[in-house]
Amino acid sequence: MNLLSILARRLPQLVAVLAGITIVTFLLLRLAPGDPARLLAGDRANAETIAAIRQQYGLDLPLWRQFLVYVGNLVTGDIGRSLRFQQPVADIILRFMWPTLFLAGYVVCLAVPPTIVLAIVGARRPGGLADQVIRTFGMVGLAIPVFWLGIMMSRLFGVTLGWFPVSGYGVGFVGHLHHLFLPALSTAIWMVPVLTQSLRAALIDRAGADFVTAARAQGASEREIFWKTILPNSVLPTLNLLGVMVAFLVGGTIIVETVYAVPGLGSLMVAALLGRDYYVVQGLTLVFALATVLVTLLVDLLTGLIDPRVRT
Amino acid sequence: MSNQGLTVSDTPLSRARITPSMVVAIAILCAWLAVAIAAPLLAPYDPDAVDIMNMLAPPGADHWFGTDQVGRDVFSRVLFAARVDLFLCVIGVLPPLVIGTTVGLASGYFGGLVDTLFMRVYDLFVAFPFFVLVLAIVGVLGPGLVNFVIALALVGWVSYARLVRAEVLTIRESEYVQAAQCLGYRPGVIVLRHVLPNAIGPVIAYAVSDAVLVMLAGASFGFLGMGAQPPTAEWGVMIADGQAFVQQAWWICLFPGLAAVSLGLGFAFLGDGLGQMQRRQVTP
Amino acid sequence: MNAQAQTQPLLRVENLAISFASIEAVKGISFDLLPGEILGIVGESGSGKSITCRALMGLLPGTAKVGGSVRLDGGELLTLSEADWCAIRGREMGMIFQNPASHLDPLRRIGAQVAAPMVRHLGISRGEGLRRAASLLEAVGIREPEKRLRSYPHEFSGGMKQRAMIAAAIGCSPKLLIADEPTTALDVTVQARILRLLKDLNRERGLAVILISHDLGVVADICSRVVVMRGGEVVEQGPVAEVIDRPRHAYTRLLIDSQPGRKVLPQPKAAPEAAAPLLGVERLSVSFPARPGSIAGFGTRTADVLALDGVDIHVNAGETVGIVGESGSGKSTLARAIVRQNRPKSGSLRFDGEDVLALSGEALTRFRRRVQMVFQNPYDSLNPRMTIAEAVAEPIWRHGLADRRAAAKQADELLEMMELPAHLRNRKPRQLSGGQCQRVGLARALALKPQLLIADEITSALDVTTQAQILELLMRLQRERALALLYISHDLSVVGSICKRVYVFKAGQVVETGPARQVLSAPRHAYTQELVGSLAHLPSAATTHETGAMPHHAP
């Protein structure tokens with residue numbers, strides 16, 4: 001019931017954000033220079049086709065009417081039709097969604113354990129040798145272009161050594177694991193430094209907190225202090241990173257899927273952008289935004305579960 | 001009166017200490033700046049000169065970094081590309097920095113409707129993954145560097161504004177700002193003379209770190225075909241060009257990537273060092 | 001007392017020396033603690049008293065070098081391994097800290113935190129630990145202990161948090177409790193109650209206590225012996241009464257003389273009762289919206305909190321008026337309302353006959369020149385990016401009273417008047433001591449030659465000796481410049497020693513007002529009586545109370 005109250009408190013903001021997302025995605029298409037109908041119809045279309053398209057998509061209506069139509073369609077789950085696939089965008093997104101979800105989960109599995117280990121090792125002696133090395137490697141990881149890393153790794157592990165396939169999604173769970181290893185690894189290499197830095201900072205900050213001194217003065221051993229006091233208190237700031245992580249994940253997967261030709265939402269997005277398949281772009285932007293909002297909400301609820309100060 | 005000496009006397013020196021990694025970072029950045037300016041002097045070949053007789057030549061005495069699929073000299077192209085990528089870092093960071101700082105100052109210091117409005121916009125912007133929104137805007141506006149910079153400015157200012165706002169909110173409550181209000185200084189004077197100088201430090205540090213992200217995004221957009229357009233020499237574009245030939249000619253991809261990493265490291269270390277200096281100023 | 005002196009000391013500290021890198025923080029100090037006694041360690045910031053007590057608990061960071069010997073019941077502590085320390089901390093010796101709010105884990109329930117040391121050291125079950133925790137909470141004066149076990153720290157008030165900390169520290173019945181400035185972060189009335197609790201625990205359980213404090217009054221209140229520290233050395237130690245009555249060391253004497261209310265500060269002759277007061281505040285109310293969340297959406301209720309509830313005060317030209325109250329009493333809200341930093345809900349504010357709330361434009365600027373304010377935090381009140389000379393000169397030229405060069409010259413004169421050496425003029429605030437910063441703040445406030453100066457807790461962040469100097473300076477300036485002074489403080493004795501009239505604030509209202517002498521010696525309102533009762537007096541100061549602390553005349 002505490003969680004419900006958090007939910008209730010977040011609800012107005014949530015509604016506002018959802019409304020905002022709707023408006024932004026709607027306006028996105030109107031950003032395109034020139035006549036949208038002409039753009040939708042393609043370069044070779046004649047005036048008649050353009051007029052037909054204008055009518056079909058309701059582009060002859062005033063802007064606010066178009067928006068209402070858009071919202072009405074959204075409510076019924078209709079987010080437009082792909083020009084290239086000639087299919088509802090929702091269906092296409094559902095089809096391309098699984099490789100991306102799988103990849104995202106894979107990345108999280110690959111990124112989280114090293115993050116925790118590296119952060120703890122670094123935070124144990126801030127400024128020590130291990131910490132310096134970890135920080136330096138983190139910096140390098142941050143500065144590496146993911147797509148370049150992907151290409152280089154596919155060349156090394158895929159072509160030269162032949163350990164992993166360099167494209168596609170594979171068949172079956174093990175096939176997915178095998179095919180997506182390099183894409184997931186390249187993304188993880190990019191993400192681990194960001195996460196490590198933040199968890200390390202949180203750990204160091206909490207290790208110097210007054211309540212840690214108090215626990216020590218009450219005779220708690222260092223091990224007990226770490227697991228029962230420092231770690232739980234460091235989880236909170238790290239939780240907020242989950243939101244950041246999603247943004248990174250989405251950005252990373254878009255590029256990595258293109259490099260490794262994984263048939264996921266990222267490749268779909270890039271193909272749609274290059275092919276000017278605007279409704280797909282719009283739909284994907286909407287889906288990515290909704291996913292982010294969902295994760296943020298989840299983080300808020302988790303924070304509420306852990307932190308009594310938020311609940312009251 | 002000197003009994004506070006222990007805590008106070010040791011701060012002034014540590015205040016502006018520059019770490020060795022920052023020196024390296026500044027050296028890297030200066031080197032790239034020099035390369036970008038002097039590219040025509042340093043490059044042994046015309047970066048766009050096609051040489052069909054010399055396609056996919058491996059690195060050697062004639063072509064230090066080899067040639068690409070149409071025989072262009074990779075070394076010369078890497079040097080010339082520095083102009084595009086370095087320029088991108090600056091032009092991609094400055095507009096969001098300026099817009100964001102202005103909005104953040106107004107929102108944080110004056111509060112009220114401006115602030116409420118900004119917070120709503122902020123809530124909205126964080127709902128979109130940064131990369132997706134920039135990509136979508138560029139996609140709709142049309143690929144190209146100009147549109148990329150426009151999209152960055154449209155999306156990027158929000159995080160700067162948020163950062164400045166948070167700084168200003170604390171500074172606004174500080175007693176020296178209250179004193180300035182009591183002394184009857186005009187709001188503009190207080191904001192520019194007393195608030196901004198104390199708020200800007202972390203923002204600069206963030207902007208330098210942000211340059212890494214902008215550079216990577218710029219290269220990524222070039223790679224995806226949404227940024228700089230071929231045949232412009234740009235590291236991302238070069239890597240994209242080379243991808244198809246990576247099995248025979250790894251050098252086309254390797255060198256532009258290394259160039260990007262080194263420039264990125266320069267910004268990353270500088271940003272990190274600046275950030276630490278900020279933190280040290282707060283903690284004494 | 002005499003019987004105690006024969007027994008073996010519980011804790012014997014010999015030649016304890018602590019250094020960090022090249023800095024010697026504690027330079028070979030020695031003292032004993034007898035079983036069941038309360039020993040006070042007194043000193044100002046930088047005296048090494050807190051570092052000493054951390055060394056007694058083995059809580060110094062690894063970078064510290066510790067020499068000498070500390071023996072508890074004859075056993076050497078300084079050579080203990082970390083594992084042995086863990087067996088002693090919390091079991092044989094407990095410790096409580098200055099800021100109870102930050103020393104409790106925000107994520108764990110009070111019950112679990114109080115029970116944890118017992119579960120750890122006594123090997124009892126969690127359930128048994130909680131049961132004992134309940135009786136401990138009751139013993140330290142927390143009502144409904146069963147219910148409070150399930151509370152989180154943020155649901156406790158400051159005083160309750162400190163009580164919970166004490167409960168956790170005494171759970172394993174240690175022989176010794178080290179209390180590091182345990183009441184400094186608390187309101188005076190709460191402070192008195194916590195001190196009483198410590199004294200009771202000492203008497204009922206035979207618990208020996210080391211009380212570290214910057215406040216000689218607090219130490220004198222409950223300690224039997226006192227150790228005076230300065231710059232890492234013990235300058236004097238002995239029974240409290242002896243040290244205070246017959247201090248042998250000059251520093252001890254300075255410390256005693258610096259106690260607020262101890263020294264008679266010359267006050268200006270009472271200004272002739274003007275027909276209209278300089279500042280008149282009538283039925284002033286200020287309210288703040290109480291926002292439950294940080295980002296309030298629509299639909300969240302905003303019940304207003306009255307920070308100031310119909311307050312009447314007045315200040316005559318050249319008069320010194322004090323305002324006393326605890327945190328949250330609305331005294332700072334009043335100061336901010338007078339300088340127009342918040343918007344009163346109702347009531348009127350008149351300065352020299354003008355309606356302050358209606359001022360704008362040029363008239364407001366003129367008002368700004370006539371009413372100035374000095375703030376609490378010495379470092380926070382100066383812009384860290386400006387040199388102190390710039391900070392003092394800025395108001396002069398911004399108000400067009402002089403050009404920049406002349407303003408700089410005036411600033412130098414002001415700094416000199418504040419007894420600041422000229423070579424400091426180009427320093428930044430962080431390169432100065434707290435007392436020096438406060439002098440700069442004063443200089444800046446006086447740069448516009450105001451008629452009314454509001455001083456909001458300007459000495460509460462300073463050491464007592466520095467406080468005494470600042471107060472003396474303030475009184476001199478007030479005399480020389482015929483300033484009206486509104487002095488706001490939580491410290492009744494400071495206000496009593498420099499002000500002619502006082503207002504006592506509680507929960508946004510004036511509960512008592514009158515001549516300082518009368519309010520201090522014969523308080524009428526129950527709350528004022530409690531405040532006066534909480535005043536920690538030096539034993540001998542109490543005897544001179546009637547004559548010395550309450551000046552009747554200027555010398």
Side-chain angles (χ1 to χ4, degrees), chain A residues 13-14 16-21 23-25 28-33 39 135-136 138-140 142-149 151-152 154-156 159-160 190 197 243 246-252 254-255 258-259 269-270 272-274 276 278 281-282 284-285 288-293 296, chain B residues 21 25 119-121 123-143 147 151 154 209 212-213 215-220 222-226 235-236 239-240 242-243 246-247 250 253-254 256-258 260-269 271-272 279:
Chain A
Q13 196 202 352
L14 204 64
V17 167
L18 288 179
I21 290 173
I23 296 173
V24 168
T25 47
L28 195 61
L29 284 199
R30 304 310 182 277
L31 263 180
L39 285 168
R135 281 176 71 84
T136 309
M139 226 59 94
V140 176
L142 266 181
I144 292 181
V146 188
F147 58 96
W148 177 73
L149 185 68
I151 293 172
M152 287 295 132
S154 72
R155 155 87 197 191
L156 181 65
V159 180
T160 310
W190 195 45
Q197 248 179 32
V246 171
F248 267 68
L249 255 180
V250 171
I254 288 179
I255 297 166
T258 312
V259 173
M269 176 100 177
V270 173
L273 280 166
L274 292 174
R276 309 215 140 199
Y278 288 127
V281 174
Q282 188 183 46
L284 280 171
T285 310
F288 284 137
L290 288 181
T292 312
V293 170
T296 316
Chain B
S21 67
M119 285 313 287
R120 290 287 160 274
V121 172
D123 285 344
L124 176 59
F125 270 72
V126 288
F128 292 94
F130 175 80
F131 200 76
V132 169
L133 197 53
V134 177
L135 200 60
I137 294 174
V138 174
V140 174
L141 287 177
N147 287 343
L154 277 176
S209 305
V212 184
L213 283 181
M215 200 262 311
L216 290 179
S220 304
F223 171 76
L224 295 174
M226 308 296 296
W235 295 330
I239 294 170
Q243 194 191 0
V246 74
Q247 300 200 15
W250 48 267
C253 282
L254 181 70
L258 288 180
V261 172
S262 70
L263 180 60
L265 272 181
F267 281 119
F269 275 116
D272 185 61
R279 248 164 280 144

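All values reported here derive from a predicted model rather than from experimental measurement. The sequence lines fix the lettering, A, B, ..., with proteins before strands; numbering per chain opens at 1.
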| Do A/V250 and B/F130 have side-chain heavy atoms sitting under 4.5 Å apart? | no
| Worked check of side-chain contact (heavy atoms from CB on, under 4.5 Å) between A/R155 and B/L254 | CA-CA 11 Å; A/R155 155 87 197 191; B/L254 181 70; over 6 Å; no
| field | Residue A/V17 versus chain B: region with a heavy atom under 4.5 Å | value | both
| query | For B/L263, is it the side chain, the backbone, both, or neither that has a heavy atom closer than 4.5 Å to a heavy atom of chain A? | reply | neither
| Proximal component of A/T296, with respect to chain B [non-hydrogen, under 4.5 Å] | neither
| said: Tell me the closest heavy-atom pair linking B/C253 and B/G242, and the distance in Å. | reply: SG-C, 3.6 Å
| note | Rounded to the nearest 0.5 angstrom, the CG-CD1 distance for B/L154 and B/I137 is 5.0 Å
| field | Counterpart residues, side chain to side chain contact (heavy atoms under 4.5 Å, CB included), relative to B/L124 (two or more places apart) | value | A/I21, A/V24, B/F128
| said: What part of A/L28 gets within 4.5 angstrom of chain B, counting heavy atoms only: side chain, backbone, both, or neither? | reply: both
| task | Give the intermediate values and the outcome of side-chain contact (heavy atoms from CB on, under 4.5 Å) for residues A/F288 and A/M269. | result | CA-CA 11 Å; A/F288 284 137; A/M269 176 100 177; 4.2 Å; yes
| message | Less than 4.5 Å to any heavy atom of chain B: does that hold for the side chain of A/V270, its backbone, both, or neither? | response | side chain
| request: Heavy atoms only, distances under 4.5 angstrom: which of A/I144, A/I23, A/L273 has the most pairs with chain B? Name it, please. | output: A/L273
| query | Quick one: of A/L149, A/V281, A/I255, who has the most non-hydrogen atom pairs under 4.5 Å with chain B? | reply | A/I255
| said: Which atoms of B/V121 are under 4.5 Å from chain A, going by heavy atoms: the side chain, the backbone, both sets, or neither? | reply: neither
| message | Before you tell me yes or no, could you show the steps for A/I151 and B/F223 under side-chain contact (heavy atoms from CB on, under 4.5 Å), namely the whole-Å CA-CA distance, both residues' side-chain angles and the distance that decides it to 0.1 Å? | response | CA-CA 11 Å; A/I151 293 172; B/F223 171 76; 3.7 Å; yes
| query | For the candidates A/L290, A/L274, A/L18, which exhibits the highest count of non-hydrogen atom pairs separated by less than 4.5 Å from chain B? | reply | A/L274
| said: Quick check: do A/T292 and B/V132 have side-chain heavy atoms less than 4.5 Å from each other? | reply: no
| field | chain B contact via A/M139 - side chain, backbone, both or neither, heavy atoms under 4.5 Å | value | both
| request: Heavy-atom pairs under 4.5 Å with chain A are the metric here; pick the option from B/G236, B/A268, B/S220, B/A260 that has the most. | output: B/S220
| message | Under the criterion side-chain contact (heavy atoms from CB on, under 4.5 Å), I'd like the reasoning laid out for A/V259 against A/W148: C-alpha separation, chi angles, the key distance, then a yes or no. | response | CA-CA 9 Å; A/V259 173; A/W148 177 73; over 6 Å; no
| said: Taking every non-hydrogen pair under 4.5 Å, which of B/G142, B/G257, B/G225, B/G139 racks up the most with chain A? | reply: B/G257
| message | Just so I understand: if I count every heavy-atom pair under 4.5 Å between each of B/L133, B/I239, B/L213, B/V212 and chain A, which residue has the most? | response | B/I239
